Amino acid sequence: MQELHLTQEWDKVFPKSDKVDHKKVTFTNHFGITLAADQYTPKNYEGKLPALAVAGPFGAVKEQSSGLYAQTMAERGYLTIAFDPSFTGESGGDVRDVFSLDINTEDYQAAVDYLSNLDNVDPEEIGIIGICGWGGISLNAAAIDPQIKATAAVTMYDMPRVGSWGYFDQGTTEERYASKKQIAEQRTKEYGKKDVAKAGGCYDYPAPDDQPDFVKQYSAYYKTKRGYHKRSVNSNEGWVLQSQPAWMNTKILVHPEDLENAVLIVHGEKAHSRYMGEDTFKKLKGDNKELVIVPGATHTDLYDGGDHDYIPFDKIDSFFKKNL
């Protein structure tokens, strides 16, 4: 296991709860990458606990949205971990700020393996939560791993869909090919070099007036005190440019019929990403799948509740209590 140097101070963008115990932990995926996580345990519990692994948004770290979800669910009686995906945050991986659907799906499975082997966790009561791009990845993991008894995908993105066709499916085959060609040439220029180009994080706040509302919303979260974190990919220089074509030739949920366990998809009524969650929901089989639309909420309102406590924690809690 790779030795990680973990920050022990509380450096989250949300306040620390006095209702749970918190500690840093590590676990390793089957690619040999050591992952860093914050573990939250309810105080004064009895017996074995149900457990949840939480990740996302895509380009965020555990000190942001996923940590808030994990801590809040621990207050409600679950042992939870919020983890940094491979190559990001405090987790391992020699190359930084890159992604892989295969490796990131495995990150969830490794988190479930870790939780299953804790003495105070019931291995038959483990679920996962994925936020934004990790909502899609969470469903991919659940379709692969039946040990994941229930999955909540919140304000989810289908990252391969956006990578292939752009927002609202407005991209073209010609544009996709041109992007691949440009990045392939960039790879050749960067061969053997330590410094590689980044795709760019979010705009500084406030974002330019000519940008769409959802871009402005990202800026308002990642680039302000509300959500900025020094280790977050989106808060800083963004993903490595060479990674971008990886989404263009992959798909999530190749076999949605294999996802037999329970799923909850949560989206904001005003979220630009809502179409991705609704279309994904249509692919799911069985009578244990739910779609919840939160009135008035945008995409990023479900990162931290926005200004109206939009995150439906009561619904998420009842979903897991029913299905774990």
Side-chain angles (χ1 to χ4, degrees), residues 29-33 35 55-61 66 83-89 91-111 128 130-145 153 156-202 218 222 231-256 273 276 279-280 283:
N29 67 22
H30 74 197
F31 292 100
I33 299 169
L35 304 181
F58 188 72
V61 287
S66 61
F83 64 89
D84 283 332
S86 294
F87 312 113
T88 65
S91 285
D94 291 336
V95 182
R96 306 307 299 168
D97 301 337
V98 297
F99 55 82
S100 159
L101 180 59
D102 189 14
I103 295 175
N104 292 147
T105 299
E106 161 60 18
D107 288 345
Y108 263 126
Q109 293 183 262
I128 60 177
I131 306 160
C132 184
W134 279 81
I137 296 169
S138 72
L139 296 177
N140 210 50
I144 291 172
D145 193 341
M156 70 155 282
Y157 260 44
D158 180 337
M159 295 301 299
R161 181 174 179 177
V162 175
S164 292
W165 297 108
Y167 287 105
F168 314 111
D169 299 332
Q170 292 180 347
T172 66
T173 300
E174 292 75 20
E175 289 170 338
R176 184 172 62 248
Y177 183 81
S179 178
K180 289 180 178 180
K181 187 173 185 294
Q182 174 197 352
I183 295 173
E185 292 170 352
Q186 184 74 24
R187 286 181 60 120
T188 301
K189 293 178 182 178
E190 292 176 344
Y191 179 75
K193 296 180 180 179
K194 182 177 181 180
D195 295 327
V196 295
K198 297 289 188 72
C202 297
Y218 282 134
Y222 284 108
R231 291 190 293 273
S232 167
V233 176
N234 291 343
S235 289
N236 296 285
E237 295 180 340
W239 296 99
V240 168
L241 186 63
Q242 289 188 21
S243 292
Q244 302 306 307
W247 290 132
M248 299 178 190
N249 279 63
T250 57
K251 286 187 177 181
I252 62 168
L253 279 179
V254 175
H255 297 291
S273 53
M276 289 185 253
D279 287 354
T280 299
K283 300 177 183 178

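Since we're looking at a predicted model, the values are computed, not measured.
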J.: Output the distance between atom NZ (Lys283) and atom CG (Asp158), rounded to the nearest 0.5 Å.
T.: 5.5 Å

J.: Should we count NZ of Lys251 as having more than 12 external heavy atoms under 6.0 Å?
T.: no

J.: Would Asn29 and Ser86 count as having a side-chain donor-acceptor pair, cut-off 3.5 Å?
T.: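 Distance-only check passes for Asn29 and Ser86.
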
J.: Could you measure the distance from the CG atom of Asn234 to the OH atom of Tyr222? Nearest 0.5 Å is fine.
T.: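 With rounding to 0.5 Å, CG (Asn234) is 4.5 Å from OH (Tyr222).
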
J.: Are any non-hydrogen side-chain atoms of Glu106 and Ile33 less than 4.5 angstrom apart?
T.: no

J.: List the atom of Phe87, the atom of Gly93, and the distance in Å for their closest heavy-atom pair.
T.: CD2-CA, 3.6 Å

J.: Enter the distance from Ile183:CD1 to Thr188:OG1 here, rounded to the nearest 0.5 Å.
T.: 12.0 Å

J.: I need the Ser164 OG to Met159 CE distance, nearest 0.5 Å.
T.: 10.5 Å

J.: How about OH on Tyr177, more than 12 heavy atoms from neighbouring residues, nucleotides or ligands closer than 6.0 Å, or not?
T.: no

J.: Are Glu185 and Lys189 ion-paired here, with the side-chain N under 4.0 Å from a carboxylate O?
T.: no

J.: Within a reach of under 6.0 Å around NE2 of His30, are more than 12 heavy atoms found that belong to other residues, nucleotides or ligands?
T.: yes

J.: Quick one: ring pair (Phe, Tyr, Trp, His ring centres under 6.0 Å) partners of Tyr218, sequence neighbours excluded?
T.: His272, His299

J.: Taking the side chain as everything from C-beta on, heavy atoms only, tell me whether Ile252 gets closer than 4.5 Å to Leu101.
T.: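 Yes, side chains in contact.
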
J.: Got a sec, which residues hit side-chain contact (heavy atoms from CB on, under 4.5 Å) with Ala197, two or more places apart in sequence or on another chain?
T.: Gln186, Glu190, Leu241

J.: For the residue pair Ser232 and Ala60, what are the closest heavy atoms and their distance?
T.: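 Closest approach of Ser232 to Ala60, heavy atoms only: OG-CA, 3.9 Å.
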
J.: State, with a plain yes or no, whether a side-chain heavy atom of Arg161 is found less than 4.5 Å away from one of Asp279.
T.: yes

J.: Could you check, using the six-membered ring where one of them is a Trp, whether Trp247 and Tyr157 have ring centers closer than 6.0 angstrom?
T.: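 Ring-ring flag for Trp247/Tyr157: false, centres at least 6.0 Å apart.
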
J.: Around Arg96, counting heavy atoms of other residues, nucleotides and ligands shown, do more than 12 lie under 6.0 Å from its CZ?
T.: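 For Arg96, atom CZ is crowded (more than 12 foreign heavy atoms under 6.0 Å).
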
J.: Once rounded to the nearest 0.5 Å, what's the spacing between atom CZ of Arg231 and atom OG of Ser91?
T.: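 Output value for this atom pair is 10.0 Å.
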
J.: Sequence neighbours excluded, which residues qualify as side-chain contact (heavy atoms from CB on, under 4.5 Å) partners of Asp145?
T.: Gln109, Gln147, Ile148

J.: Under the criterion side-chain contact (heavy atoms from CB on, under 4.5 Å), I'd like the reasoning laid out for Ile137 against Phe99: C-alpha separation, chi angles, the key distance, then a yes or no.
T.: CA-CA 11 Å; Ile137 296 169; Phe99 55 82; over 6 Å; no

J.: Got a donor-acceptor contact below 3.5 angstrom from the Asn140 side chain to the Leu253 backbone?
T.: yes

J.: Evaluate the side-chain proximity of Pro85 to Trp134: yes if any heavy-atom separation is below 4.5 Å, no if none is.
T.: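 Answer yes - side chains close enough.
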
J.: Is there side-chain contact between Val196 and Tyr191, with heavy atoms separated by less than 4.5 Å?
T.: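 Side-chain contact under 4.5 Å: no.
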
J.: Hey, are the side chains of Trp239 and Thr88 touching, using non-hydrogen atoms and a 4.5 Å cut-off?
T.: yes

J.: At their closest point, which heavy atom of Thr250 faces which heavy atom of Pro160, and how far apart are they?
T.: O-CB, 3.1 Å

J.: Determine whether Pro245 and Asn249 make a side-chain contact, defined as any pair of heavy atoms from C-beta on separated by less than 4.5 Å.
T.: no

J.: Please report the interatomic distance CZ(Phe168) to CE(Met276), rounded to the nearest 0.5 Å.
T.: 7.5 Å

